Amino acid sequence: MIETDVLIIGAGPVGLFAVFECGMLKMRTHVVDALDMVGGQCAALYPEKPIYDIPAHPSLTGEELIKNLQAQIAPFHPTFHLGQQVEHLTHLPNGGFEVTTSKGTQFRVKAIIIAAGAGAFGPKRPPLANLEDYEGSGVFYYVTQKERFRGKRLVIAGGGDSAVDWAIALSDIAASVQVVHRRAQFRASPETTARLHELANAGRIELVVPYQLASLEGDAGTLTGVGVETLDGDRRLLAADALLAFFGLSSNLGPLTQWGVEGPKGTFAIDPATGETNVPGIFACGDVASYPHKLKLILTGFAEAAQSAHKAYAYVFPGKALHFEHSTTSGVPSAGSEVILNVA
Ligand SMILES: Cc1cc2nc3c(=O)[nH]c(=O)nc-3n(C[C@H](O)[C@H](O)[C@H](O)COP(=O)(O)OP(=O)(O)OC[C@H]3O[C@@H](n4cnc5c(N)ncnc54)[C@H](O)[C@@H]3O)c2cc1C
């Protein structure tokens, strides 16, 4: 059983910043995420895309934002429990909660901050035989490191932004890029779709339309080809080292919806002044938090994380007055100061 002050659910940008805000108020945190990496949507969906609306950063990529947040929270030594979803919640008789994850990790905490975004998300998988044999070796749903695909023969499936963006971005370094889509029209933005067609006309990308995925060919987890077919049954075998399937994500709040926290579908309603939900001691911030006129932006989530941490203080240190201080006055508590370091 891990005892700590605040359990943060979700290691997306907002969950990471919640670690910082809690740390500044000398509250210890542990963080759980269903993914096996930190960074939420920024890391999983658009690590290399520039973000333009983070205050004081005219432009930085999803990956850079997450790296910066990790550096910012480093003084607080947060402990991450990755690759596991939170499941059971028990209210303790004298306040506080016990939480158990899908891997059996147990926490006893005084407050909970839910920064779960759209829920524990996973890719929509194509219905192909032997798919699991190739996942992670020849079939991918995210690009976390572009370099991994240098010199490879790539088949990219899908017709939306991710498929088109990555086809364009990887055409620079891949041996070949073939884009499989069941229609001739793509759903990406007009500018990127135009760029895709330019590259196709220049022979740098082949558009395999209207085809859909039919089979995976290879041996012992090494992909060698992707079978595709039209609705009329015309088949082709595309030589490939990797299939990048971008059919969107399905996300699911899962067991969190059984915790008695209320809100409109897929969100938890909060009082924006405090971040608190209808369950005392449970807070929500970031994309998962809702209230009238909510803007689902990273900067909004950062402010909600600050509100949540300030109200959570009352649960962590009952009866102790919280005197508001700017960081320029308080400084950042560092290792060896009053902050108690977390241990896994
Ligand atoms: C392509 C794209 C471009 C974008 N561009 C911008 C932009 O320019 N500016 C901007 O402000 N925003 C942008 N956004 C939106 C931005 O990414 C989100 O607002 C932001 O990621 C929300 O952060 P979050 O921490 O609340 O949630 P998320 O980033 O979604 O992270 C939530 C994390 O919680 C985890 N989780 C969920 N449920 C559980 C559970 N039960 N147990 C354990 N872990 C769980 C998930 O696995 C996930 O890692 C963009 C989004 C996309 C998809």
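Positions are given from 1 along the sequence. Given the structure is predicted, the values throughout are model-derived calculations rather than measurements. In listed order, ligands and their atoms are each counted from 1.
Ranking the protein heavy atoms by distance from atom 38 (N) of ligand 1 puts A120 N, 2.9 Å first. Here the heavy atom of the protein found nearest to atom 52 (C) of ligand 1 is Y46 CE2, 3.4 Å. Counting only heavy atoms of the protein, atom 43 (C) of ligand 1 lies nearest to A34 N, 3.3 Å. Considering only non-hydrogen protein atoms, atom 19 (O) of ligand 1 sits nearest to D287 OD1, 2.8 Å. Looking only at heavy atoms of the protein, atom 42 (N) of ligand 1 is closest to V86 N, 3.2 Å. With hydrogens left out, the protein atom closest to atom 34 (O) of ligand 1 is G10 CA, 3.2 Å, a heavy atom. Here the protein heavy atom with the shortest distance to atom 27 (O) of ligand 1 is G117 CA, 3.3 Å. What sits closest to atom 9 (N) of ligand 1 on the protein, heavy atoms only, is D53 OD1, 2.9 Å.
E132 has no carboxylate O lying under 4.0 Å from a charged side-chain N of R125, or vice versa, which leaves the two without a salt bridge. Look at K26 and E21 and you find no salt bridge, because none of the NZ, NE, NH1 or NH2 atoms lies under 4.0 Å from a carboxylate O. Between E64 and K67 there is no salt bridge, since no side-chain nitrogen of the basic residue lies less than 4.0 Å from a carboxylate oxygen of the acidic one. With respect to D165 and K49, a salt bridge is recorded, a charged nitrogen being found less than 4.0 Å from a carboxylate O.
If you number the atoms of ligand 1 from 1 as listed, the ones under 4.0 Å from a heavy atom of L35 come out as 47 (O), 49 (O). Each of the following atoms of ligand 1 lies closer than 4.0 Å to a heavy atom of G286: 26 (O). Against a heavy-atom cut-off of under 4.0 Å, L297 is close to the following atoms of ligand 1: 10 (C), 11 (O). With ligand atoms numbered from 1 in the order given, ligand 1 contributes 23 (O), 24 (P), 25 (O), 26 (O) to contacts under 4.0 Å with heavy atoms of V14. Within ligand 1, the atoms closer than 4.0 Å to a non-hydrogen atom of G119 are 37 (C), 38 (N), 46 (C), numbered from 1 in the order shown. Applying the 4.0 Å criterion to heavy atoms of L45 picks out, from ligand 1, the atoms 53 (C). Counting the atoms of ligand 1 from 1 in the order shown, those under 4.0 Å from a heavy atom of Q84 are 43 (C).
Residue V179 is not grouped with residue L243 when hydrophobic side chains (ILVMFWY) are merged at heavy-atom distances under 4.5 angstrom, including chains of intermediate members. When the side chains of ILVMFWY residues are joined at heavy-atom separations under 4.5 Å, either directly or via intervening members, L196 and Y211 end up in two distinct hydrophobic clusters.
In this structure, the side chains of R236 and E229 stay at 4.5 Å or more apart for every pair of heavy atoms. Proximity of I2 to T105: side-chain heavy atoms (C-beta onward) are separated by under 4.5 Å at one or more points.
For I298, heavy-atom contacts with ligand 1 shorter than 4.0 Å involve the backbone as well as the side chain. At a heavy-atom distance under 4.0 Å, only backbone atoms of A115 (N, CA, C or O) approach ligand 1. When heavy-atom distances to ligand 1 are checked against a 4.0 Å cut-off, L256 comes that close only through its side chain, counted from C-beta outward.
A heavy-atom separation below 4.0 Å is not found between G301 and ligand 1. Ligand 1 has no atom lying under 4.0 Å from any heavy atom of E87. Under a 4.0 angstrom heavy-atom cut-off, P13 registers as being in contact with ligand 1.
Residue I51 has no nitrogen or oxygen atom sitting less than 3.5 Å from a nitrogen or oxygen atom of ligand 1, judged on distance alone. Checked against a 3.5 angstrom limit, the closest N/O atoms of N252 and ligand 1 fall outside it. Between D33 and ligand 1, an N or O atom pair is found at a separation short of 3.5 Å.
The distance between the ring centers of Y142 and F246 does not fall below 6.0 angstrom. Taking the six-membered ring where the residue is Trp, the centroids of H30 and F80 are separated by 6.0 Å or more.
In the displayed structure, Q145 atom CD is contacted under 6.0 Å by at most 12 heavy atoms of other residues, nucleotides or ligands. More than 12 non-hydrogen atoms from other residues, nucleotides or ligands lie less than 6.0 angstrom from CG of D53.
Between F268 and the choices V279, N278, V261, I282, the side-chain contact (heavy atoms from CB on, under 4.5 Å) rule is met once, by V261.
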Could you go through the salt bridge (Lys or Arg N to Asp or Glu O under 4.0 Å) check for K110 and D5 one step at a time?
CA-CA 5 Å; K110 295 167 189 156; D5 294 328; 3.3 Å; yes
